[in-house]
Amino acid sequence: MANDVGPDLIFLRQLIALGRTGDVAVAISTSGGSRNIVMALEEARRRNMLTVALLGCDGGEVVRQGLADFPIVVHCDYIPASRKCRPRSIT
């Protein structure tokens, strides 16, 4: 799919095709700022879906825009380290 529509739309297109009111959308991003994740969560909001996000760093745009009903943030100052670090604190 990314070959046809580009990586920014890959999750958005899946939600458009499959997402329904009352479904749960789960997002995972080490930065919280991946455009494809943000766009998918915006669409999930429009469809009144419950949203859960597992995020690194400070939660990025997902947290700033309030796109997740349940944001789980593993605070980490260095994004590559968030892929292998144990959480210091989770909010």
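Source: prediction; values computed, not measured.
Here side-chain hydrogen bond (donor to acceptor under 3.5 Å, both in side chains) pairs that include residues 16-25, with residues two or more places apart or in two chains, number zero. Among residue pairs with one or both ends in residues 30-44, those qualifying as salt bridge (Lys or Arg N to Asp or Glu O under 4.0 Å) are Glu43-Arg46, Glu43-Arg47; sequence neighbours excluded.
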Run the side-chain donor-acceptor check on residues 48-64: report pairs under 3.5 Å with partners two or more places apart or on a different chain.
from: Thr51; atom 1: OG1; to: Leu67; atom 2: O; distance (Å): 3.0
from: Thr51; atom 1: OG1; to: Asp69; atom 2: N; distance (Å): 2.8
from: Thr51; atom 1: OG1; to: Asp69; atom 2: OD2; distance (Å): 3.3
from: Asp58; atom 1: OD1; to: Gly60; atom 2: N; distance (Å): 2.9
from: Asp58; atom 1: OD2; to: Arg64; atom 2: NH1; distance (Å): 3.4
from: Glu61; atom 1: OE1; to: Gln65; atom 2: NE2; distance (Å): 3.0
from: Glu61; atom 1: OE2; to: Arg64; atom 2: NE; distance (Å): 3.0
from: Glu61; atom 1: OE2; to: Arg64; atom 2: NH2; distance (Å): 3.4

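Heavy-atom minimum distance, Ile37 versus Ala27: CG2-CB, 3.7 Å.
Residue Ile16 qualifies as enclosed at atom CD1: its count of foreign heavy atoms under 6.0 Å is above 12.
In this structure, Leu41 is a member of the same hydrophobic cluster as Phe11, with clusters built from ILVMFWY side-chain heavy atoms closer than 4.5 Å. Linking Ile, Leu, Val, Met, Phe, Trp and Tyr whenever their side-chain heavy atoms come within less than 4.5 Å leaves Val24 and Leu15 in two separate clusters.
The main-chain N or O of Asn36 is never found under 3.5 Å from a side-chain atom of Ser34 such that the two would form a donor-acceptor pair.
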